[in-house]
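Throughout, residue positions are numbered sequentially from 1 according to the sequence presented. Predicted model only: the values in this text are computed from it and were never measured.
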Amino acid sequence: MRRWSLAGQMLLLQLAVVTVTVTGGSVLALVQAHELLNDEAASTAVAVAKTVAASPEVLSGLTVKNPTIPLQPYAEGVRHATGVDFVTIMNADGIRYTHPNPKEIGKRFLGHIEPAQRGETFTETYKGTLGDSMRAVSPVVRDGRVTALVSAGITVNRITARLYDQLMWGSLVALLALAAGGAGTWLVTVRLRRQTHGLGPVELGRIHAHHEAVLHAVREGLLLVGRDGTLTLCNDAARTLLALPPDAEGRPAPELGDDRVHVVGDRVLQVSSTPSELGQVVTVRDRTELQALAGQLDAERGFAESLRAAAHEAANRLHTVITLVELGRTEQAVAFGTAELRSAQQLTDRVVGSVREPVLAALLLGKSAQAGERGVELVISEDSRLDDVDVAPRDLVTIVGNLLDNAIEVASRVEVVVRTEPDGTLIRVSDDGPGLPDPGAFGKGWTTKGDGRGLGLALVGQAVRRLGGRIEVDGSAFTVRLP
């Protein structure tokens, strides 16, 4: 059995509400109209009866021998002028002097006259010769006594006919209201059906439950940012990764950019943004562990590149020595080889002698060979002396390696100092390049290449903060102090 969609149920409900409202309003209006018509008929009858009873024509007509002769045309004229159905003038005992039907003249008035005989004007609904009517009876008082009575009335059939007329117009208005309400309800239903895709409440509830389950179960951060930059939705992972407050939804969304790498606290996050009808769908992935592995891979790649550069230089020098030997210039070959060996040994002895951390020493030797291949002079300061420190080799490689990479990229001469001081460890990398142009370089995605995907300085800043140190930048000199 096919269930009604939410839009269909809303259509039926709203049509029912509109129908009940319009019908109830119409019935209430009909009841009020009936009461108003009765009140109007009674007021008209009273006004006509009192006016006729007090008119001089009636007073003078009652003094003649046959009052019907002057009073009948007067009463009919008043009846036609006022729109009532009858105006009856009678004596104090209720014998008619006038009547719309001349045959009824001289007969007794059908109805109650006792209150009027006592001098009171009253109204009643009574069935007379013309049928049921709303009538008023008023006394004609002369010299302090009731000498005659006047009755004026409107038939109930006439009142009902007027009520039917109003009912017809009221029904027309009600039908128009129903049509307008139905059309508006249908338009709302069409829009609701489009927004709910024709699904019923059960299906929508199930989708919402699935949405909540998936939203809070995924490990990736998910955010929905409106067109006005307001954060409209975020899941638990996004709150954790971006350190968002509990009331983050409804506030301006954090600046994340499109498809960029961010460093938030101790985390490295990959942010991707996709436009949608509601704004932007932003996904946040934790790349901390992956970046750590990538950093180790970069270090290994750097060592391999350094070995390749060293092997390339050694091959060139060996080829030079062999050529000199082949040319018979043995002494020059020995002198050249000895000088090159002495230079390489001096660099190795200075690095190894001053830096006891083998990983960092290997990094410096490799970067020296790499810098030499690029034509960059890498100088390891004479006052460098790094004893055993309580810092993970990976962090040292991250800090020193990224600072050297950035310096070698833009300078022709780079100087590095690593030494142990009483209050901790000092690392300084300076070059003759243009210096740091962007104060946000230790933040997200800065690079000298300008492609917005740099991560080196951000990782340096992250490692230094994690170790409780600080970074000082003076032009093109970067000084790191670790406790």
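- Between Val480 and the options Val400, Leu426, Leu403, a side chain to side chain contact (heavy atoms under 4.5 Å, CB included) holds for only Leu403.
- The side chain to side chain donor-acceptor pair (under 3.5 Å) search around Asp405 returns Lys367, not counting sequence neighbours.
- Summarising the geometry, atom CG belonging to Leu482 is positioned 10.5 Å from atom CG belonging to Asp423; distances are rounded to the nearest 0.5 Å.
- Scored by the side chain to side chain donor-acceptor pair (under 3.5 Å) test, Ser412 finds Asp432 as partners (sequence neighbours excluded).
- Across all their heavy atoms, Arg428 and Thr479 have their closest contact at NE-OG1, 3.1 Å.
- Considering all non-hydrogen atoms of both residues, Ala152 and Ala45 come closest at O-CB, 3.3 Å.
- Met134 contributes atom CE, which lies 11.0 Å from atom OG1 of Thr44 (distance to the nearest 0.5 angstrom).
- Shown here is Asp474, whose CG atom has no more than 12 heavy atoms of other residues, nucleotides or ligands within 6.0 Å.
- Here the OG1-CD1 distance, from Thr425 to Ile399, works out to 9.5 Å after rounding to the nearest 0.5 Å.
- Closest of all the heavy-atom pairs between Val225 and Leu231 is CG2-CD1, 4.4 Å.
- The nearest pair of heavy atoms linking Ala411 to Asp431 is CB-CB, 3.4 Å.
- Taking every heavy atom of both residues into account, Val84 and Gly153 meet most closely at CB-O, 3.6 Å.
- Of all heavy-atom pairs between Val46 and Thr123, the closest is CG2-CG2, 3.2 Å.
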